[in-house]
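Working notes for the structure below.
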Amino acid sequence: MLGFCTGICQPLSIFATIIALPKERVAEGLGLRLTFNKLTQVIGSLSLGSLSSVFGTPSVFYTCGAIILIGSLHPDKLLFYRK
């Protein structure tokens, strides 16, 4: 179940990028999506690794939980919400 939930993010973000952008800008948007995905993989690993070495392993889980909670607090900015 965990593998499915973490693996479904990539096709969903590709789908959301294609829907959100005009047809002539889709390639640029997908390139930026891929760049930021790789950048967050590197920065996330470095920052959470250093956080766990300084404050211990539970701090990583609390930090990830806080990031997820903060990301879910904006219901008016849903991806598929159109005015």
Side-chain angles (χ1 to χ4, degrees):
M1 186 67 163
L2 179 63
F4 173 76
C5 290
T6 55
I8 195 71
C9 295
Q10 181 178 1
L12 285 178
S13 66
I14 292 171
F15 178 70
T17 304
I18 290 171
I19 286 179
L21 294 173
K23 291 195 183 290
E24 63 273 1
R25 302 289 245 180
V26 170
E28 293 173 19
L30 289 174
L32 279 174
R33 184 198 68 82
L34 185 61
T35 301
F36 284 112
N37 280 353
K38 298 300 179 186
L39 185 65
T40 55
Q41 286 176 354
V42 171
I43 291 174
S45 299
L46 290 175
S47 62
L48 291 175
S50 62
L51 183 71
S52 71
S53 69
V54 173
F55 296 108
T57 305
S59 65
V60 173
F61 293 103
Y62 291 129
T63 303
C64 289
I67 290 170
I68 291 170
L69 182 64
I70 290 169
S72 66
L73 291 178
H74 298 289
D76 58 337
K77 298 195 184 236
L78 292 173
L79 183 62
F80 300 109
Y81 178 74
R82 303 216 186 232
K83 292 183 178 181

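For reference, positions follow the sequence shown, starting with 1.
- Every side-chain hydrogen bond (donor to acceptor under 3.5 Å, both in side chains) that Ser13 has, sequence neighbours left out, goes to Arg33.
- Pairing each heavy atom of Pro11 with each of Gly7, the nearest pair is CD-O, 3.3 Å.
- Leu32 forms part of a hydrophobic cluster together with Phe36, Leu39, Ile43, judged by ILVMFWY side-chain heavy-atom separations under 4.5 Å.
- Cluster note: Leu34 groups with no other residue, as no ILVMFWY side-chain heavy atom lies under 4.5 Å from it.
- Here the options are Leu30, Leu12, Val26, the test is side-chain contact (heavy atoms from CB on, under 4.5 Å), and the partner is Thr17; only Leu30 passes.
- Cluster partners of Leu48, by chain and number: Leu51, Val54, Phe55, Val60. The rule joins Ile, Leu, Val, Met, Phe, Trp and Tyr whenever side-chain heavy atoms lie under 4.5 Å apart.
- For residues 54-69, no pair satisfies side chain to side chain donor-acceptor pair (under 3.5 Å), with sequence neighbours left out.
- Contacts classified as salt bridge (Lys or Arg N to Asp or Glu O under 4.0 Å) and involving residues 17-29 (residues at least two apart or in different chains) are given here: Arg25-Glu28.
- Counting only residues at least two apart or in different chains, side chain to side chain donor-acceptor pair (under 3.5 Å) contacts with residues 35-51 are absent.
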